[in-house]
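Report on one structure; see the data block that follows.
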Amino acid sequence: MNQDHLPTSAVCARCGRPVCSDYAKIKGDNRLRARWGWPEGPVCVACYEQAINTYGRCGDCATDRLLPGRRASDGSPICTDCAGGLGDFICRRCGQEGPGYRTDACTRCVLADRLTELLDDGSGAVRPELEPLFHLIHAMSWPASRLTWLRREAPVSVLSALARSEVPLTHEGLSRLHPWRSVIYVRDLLIDCGVLPPVDRFLLLFEQWLPDWLATINDPAHRKLLERFATWHVLRRLRQTAREQPINSYRANNARRLLRVAVLFLDDLAAHGRRLDECTQTDIDRWFTAENRDSKCSREFLQWALRRHELPRLHLPTSPSSIAARLSQRHRLDQVRRVLTDETIPDADRVLALLILLYAQPLIRIAQLTTDDIIRDDDQVLLRLGDPPTPVPPPFAEVLTRYLDNRLNLTTAGGATNPFLFPGRRPGQPLHTTSLRLRLRNLGLPSRDGRTTTIRQLVLQAPAPVVAGMLGYHPNTTEQLAAEAGSTWKTYAAGDHARLGNS
């Protein structure tokens with residue numbers, strides 16, 4: 001269609017957003033550009049890219065192929081032949097349907113050329129050890145976004161260094177490369193495709209961060225003391241935890257906070273002309289009474305110093321217990337009703353909210369849930385949070401199973417193979433708890449308050465040991481909550497209550 005005869009403004013036929021043909025008027029804003037000439041009308045760039053990257057079974061002819069068209073009656077995806085007038089998407093080079101990049105090659109063919117160039121070991125071919133990485137990136141959806149990533153200097157330098165064997169193809173070798181953000185991403189890809197063995201990601205990142213952070217401590221005495229605290233207390237505890245379960249972002253961030261607060265305390269002492277072994281009760285009281293002090297982290301460092309005789313025997317004030325604000329039961333039920341009935345809320349947010357409002361799950365545990373934790377048993381859906389698995393009631397079951405088939409971030413790197421219920425953008429990693437918390441905040445639901453109210457209601461309705469087993473809580477935790485809530489199940493004994501027949 002001749003651009004001179006196009007209207008100066010219109011709306012996308014699929015999403016309804018405004019589009020414009022007057023490029024000078026929109027000053028190059030790609031969000032307003034459109035694909036003109038399709039039978040249904042102009043299609044914006046975002047909808048066009050979505051269309052030419054959609055594959056599956058055509059709703060009309062039932063063939064498996066590219067599905068850029070939309071059926072007029074219900075909007076279901078259909079192929080180019082059934083839609084008509086969409087153009088030819090067959091690559092002249094590989095013969096496959098897909099988004100075009102040049103007149104003689106599709107985007108995926110160009111991606112293969114770029115990967116071959118970057119992963120070349122000097123022989124004109126991909127380094128043999130990196131062939132699984134080549135196939136992983138090449139097979140990802142939305143190849144244009146992979147090409148955009150491979151135009152950046154940072155990932156190019158990391159991949160080229162590995163291809164030319166400038167560093168060993170190991171976790172230790174990768175740690176020598178920079179920038180660290182690109183190294184982390186490439187490491188995740190290498191683990192996902194099996195080139196590198198699995199490793200505790202957050203523990204490894206903390207171990208890499210620690211030497212650089214210690215180097216920023218100017219006072220030699222402080223640096224030596226903090227190195228001992230970090231090595232024999234903080235890092236040792238992280239490694240012990242990693243032997244039983246993966247280190248999550250919360251534990252890694254808390255470890256960093258312990259060290260940073262310790263530095264602040266030592267700097268405060270130095271500002272008053274004293275070393276740690278010269279600390280007085282006045283210094284302790286001044287520190288703990290000041291505003292914006294992390295008393296919990298401070299106490300952990302000072303208790304370690306007391307045990308190591310680095311600090312005189314002084315009294316450490318007790319930390320006030322923080323009690324989470326509680327939602328009323330009525331407010332909780334109103335939230336459950338809203339989340340279940342409001343179809344405008346994304347399914348991901350609905351599942352996240354209901355895991356808190358119905359099962360009292362903390363965000364850290366929600367982030368670690370996998371698709372295998374959702375059990376479809378005939379017409380029943382079960383959720384594996386503890387032992388035995390917990391039934392999912394029908395209204396929530398429908399939302400959960402629908403979301404399970406359309407999870408977040410499936411078009412990002414490694415998304416299709418990511419096992420987590422809430423997959424992150426990085427290969428093999430869950431969505432960060434910060435992102436989960438932001439989703440809840442946008443819903444107007446505080447995660448801690450909702451979880452506190454839910455667990456207190458559950459221990460009033462069932463024995464604490466039963467609740468602990470089904471939801472994955474420690475029995476002592478639910479017993480304490482039951483006592484605080486005034487539960488009448490206090491005399492209930494845990495274990496198998498089935499009567500044994502006479503032998």
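Keep in mind it's a predicted model, so treat the numbers as computed, not measured.
Within the 4.5 Å cutoff, the side chain of L269 has heavy atoms near those of the F265 side chain. Taking 4.5 Å as the limit, every side-chain heavy atom of E227 sits out of range of all side-chain heavy atoms of H222.
Around atom CD of E153, no more than 12 heavy atoms belonging to other residues, nucleotides or ligands sit under 6.0 Å away. Enclosure of atom CZ in R330 is not indicated, since only 12 or fewer non-hydrogen atoms of other residues, nucleotides or ligands lie within 6.0 angstrom. Within 6.0 Å of the CZ atom in R236, the count of heavy atoms belonging to other residues, nucleotides or ligands does not exceed 12. The number of heavy-atom neighbours closer than 6.0 Å to CZ of R181, taken from other residues, nucleotides and ligands shown, is 12 or below.
Classification of R384 and D372 as a salt-bridged pair fails, no side-chain N sitting under 4.0 Å from a carboxylate O. The pair E310-R308 does not meet the salt-bridge criterion, since no charged nitrogen lies less than 4.0 angstrom from a carboxylate oxygen.
The closest side-chain donor-acceptor pair between T454 and R332 falls under 3.5 angstrom.
Panel note: side chain T453, backbone G450; no donor-acceptor pair is recorded below 3.5 Å. Looking only at distances, no side-chain donor or acceptor of Q303 sits under 3.5 Å from a matching main-chain atom of E300. At least one donor-acceptor pair closer than 3.5 Å links the side chain of S175 to the backbone N or O of H171.
Side-chain rings of Y403 and F422 approach one another, their centers coming within less than 6.0 Å.
Here the options are V186, L133, D121, the test is side-chain contact (heavy atoms from CB on, under 4.5 Å), and the partner is L162; only V186 passes.
Under the 30°/60° scheme for interplanar angles, the aromatic rings of H432 and F202 are found to stand perpendicular.
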Carefully, step by step, assess E117 and R114 under the rule salt bridge (Lys or Arg N to Asp or Glu O under 4.0 Å).
CA-CA 5 Å; E117 176 187 353; R114 181 58 173 157; 3.3 Å; yes

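With sequence neighbours left out, the ring-ring contact (aromatic ring centres under 6.0 Å, His included) criterion links W213 to W209.
A cation-pi arrangement is absent between R365 and Y359, since the terminal nitrogen or guanidinium carbon is not both under 6.0 Å from the aromatic centre and inside a 45° cone about the axis.
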